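Working notes, structure below.
Everything numeric in this text was worked out from a predicted model, so none of it was measured. Position 1 is the first residue of the sequence, and the numbers go up from there.
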Amino acid sequence: MIQNLSDKMAQDAAIPRELSLVIGPTEVADVMTGKVVTLSAHHSFNDATNLMNDRYFRHCVVVDGQRKIIGVISDRDILRALARNPNSRSKSLDQIMTTNPITVKRNTPIIEAVSKILFKRINCLPVVEDDDTVCRIVTSTDLLKSYQQVLELVQKQAR
């Protein structure tokens, strides 16, 4: 343990000072998507696919009448439903959505959001307010864009 700690300190000392000055986004609020598209459980499979096709996104949050999250429907859920049952187009979202989705709050550290996405092998996290109503969404694409910005800052500092 002591040897590992001294090795870590030596490695940290070798990091250029400029790189330690790079500060990127730190919370989900810094990277989340501006608007979230919501549907209700009674919407149809076709409603979701048409919406995703027309607006070029991959996730919709399914909410109840008080905007509390009851599920998420993704392009993967749609493909999975089609593969399992060719009659899926006649189903409502509550029959094919992912229920009890993992959520985060605006002030959730980005590292925690990334860990949840990686651990659960998902591609989005609905962002909720303190009253558990949906306000935004953070996707793997949002997190990759953030990472790209940090890398650009690092490269700029290294020059």
Side-chain angles (χ1 to χ4, degrees), residues 15 18-85 88-158:
I15 296 173
E18 296 83 21
L19 294 182
S20 66
L21 296 176
V22 174
I23 299 174
T26 60
E27 295 181 345
V28 166
D30 299 328
V31 299
M32 62 190 180
T33 296
K35 294 182 180 179
V36 61
V37 175
T38 61
L39 294 170
S40 64
H42 75 273
H43 278 97
S44 70
F45 180 94
N46 284 335
D47 291 335
T49 56
N50 290 337
L51 189 61
M52 286 185 197
N53 185 51
D54 292 345
R55 298 222 188 145
Y56 304 106
F57 54 82
R58 300 178 299 146
H59 308 93
C60 290
V61 178
V62 183
V63 297
D64 65 15
Q66 288 76 43
R67 291 192 49 85
K68 296 198 185 227
I69 297 172
I70 58 173
V72 171
I73 183 82
S74 70
D75 55 350
R76 285 184 180 181
D77 294 321
I78 290 169
L79 289 172
R80 193 175 301 115
L82 284 172
R84 290 180 181 158
N85 182 353
S88 295
R89 292 187 175 277
S90 64
K91 296 188 182 257
S92 60
L93 293 186
D94 61 346
Q95 295 174 299
I96 59 171
M97 69 183 181
T98 299
T99 56
N100 302 316
I102 297 166
T103 63
V104 292
K105 297 199 184 245
R106 294 173 184 260
N107 63 345
T108 300
I110 287 178
I111 188 69
E112 184 179 327
V114 169
S115 294
K116 287 180 179 194
I117 283 176
L118 290 172
F119 181 73
K120 292 294 185 175
R121 298 183 63 181
I122 56 177
N123 286 302
C124 77
L125 295 167
V127 182
V128 295
E129 300 287 2
D130 289 336
D131 65 357
D132 288 329
T133 58
V134 65
C135 64
R136 304 289 168 100
I137 192 169
V138 63
T139 67
S140 54
T141 300
D142 296 327
L143 295 167
L144 283 170
K145 286 178 184 176
S146 170
Y147 183 60
Q148 178 185 22
Q149 291 171 351
V150 170
L151 288 177
E152 288 170 354
L153 285 170
V154 169
Q155 286 176 346
K156 186 176 180 180
Q157 289 289 328

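A donor atom on one side chain and an acceptor atom on the other are not found under 3.5 Å apart for N46 and S44.
Residues I137 and V61 come closest through the heavy atom pair CD1-CG2, 4.0 Å. The shortest non-hydrogen separation linking L93 to S40 is CD1-O, 3.8 Å. Shortest non-hydrogen contact noted between A113 and V28 is CB-CG2, 3.8 Å. Closest approach of C124 and V72 over heavy atoms only: SG-CG1, 3.8 Å. Contact detail for I70 and A41: the closest heavy-atom pair is CD1-CB, 3.7 Å. For the residue pair A81 and S88, the shortest heavy atom distance occurs at O-OG, 2.6 Å.
Interatomic distance, CG of D30 versus CG of D142, reported as 12.0 Å (0.5 Å rounding). To the nearest 0.5 Å, the span separating CG on L79 from CD1 on I96 amounts to 10.5 Å. The structure places CD1 of I117 at 7.0 Å from OG1 of T139, a figure rounded to the nearest 0.5 Å. Taken from OG1 in T38 to CD1 in I69, the straight-line distance is 10.0 Å, to the nearest 0.5 Å.
Taking 4.0 Å as the cut-off between side-chain N and carboxylate O, E112 and K116 count as a salt-bridged pair.
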Exercise. Step by step, would you call Q157 with V154 a side chain to side chain contact (heavy atoms under 4.5 Å, CB included)?
Worked result: CA-CA 5 Å; Q157 289 289 328; V154 169; 5.8 Å; no
For this session: I would like to know whether N85 and K91 meet side chain to side chain contact (heavy atoms under 4.5 Å, CB included); could you show each step before the answer?
Result: CA-CA 10 Å; N85 182 353; K91 296 188 182 257; 3.4 Å; yes
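Contact of the L125 side chain with the V138 side chain is registered, since non-hydrogen atoms from C-beta on lie closer than 4.5 Å. For the pair S74/H59, a side-chain contact is recorded, criterion being any heavy-atom separation below 4.5 Å from C-beta on. For the pair K105/D130, a side-chain contact is recorded, criterion being any heavy-atom separation below 4.5 Å from C-beta on. With a 4.5 Å cut-off on side-chain heavy atoms, Q149 and V31 do not count as touching. Side-chain atoms of M52 and I73, non-hydrogen and from C-beta on, do get closer than 4.5 Å to each other. When side chains are defined from C-beta on, C60 does not count as touching R55, because their heavy atoms never get closer than 4.5 Å.
The side chain to side chain contact (heavy atoms under 4.5 Å, CB included) check on R106 picks up A29, M32, V127, E129, C135, with sequence neighbours excluded. Not counting sequence neighbours, K145 has no partner by the salt bridge (charged side-chain N to carboxylate O under 4.0 Å, His left out) test.
Within the 3.5 Å criterion, the main-chain N or O of S92 finds a donor-acceptor partner in the side chain of Q95. The main-chain N or O of D131 is found under 3.5 Å from a side-chain atom of K68 such that the two form a donor-acceptor pair. With hydrogens and angles ignored, the 3.5 Å screen pairs no side-chain donor or acceptor of T103 with any backbone N or O of V128. With hydrogens and angles ignored, the 3.5 Å screen pairs a side-chain donor or acceptor of R136 with a backbone N or O of G34.
By the 6.0 Å contact criterion, CZ on R76 is open, its count of non-hydrogen atoms from other residues, nucleotides or ligands being 12 or less.
Screening D75, D54, I78 for a side chain to side chain contact (heavy atoms under 4.5 Å, CB included) with T49, the sole residue that qualifies is I78.
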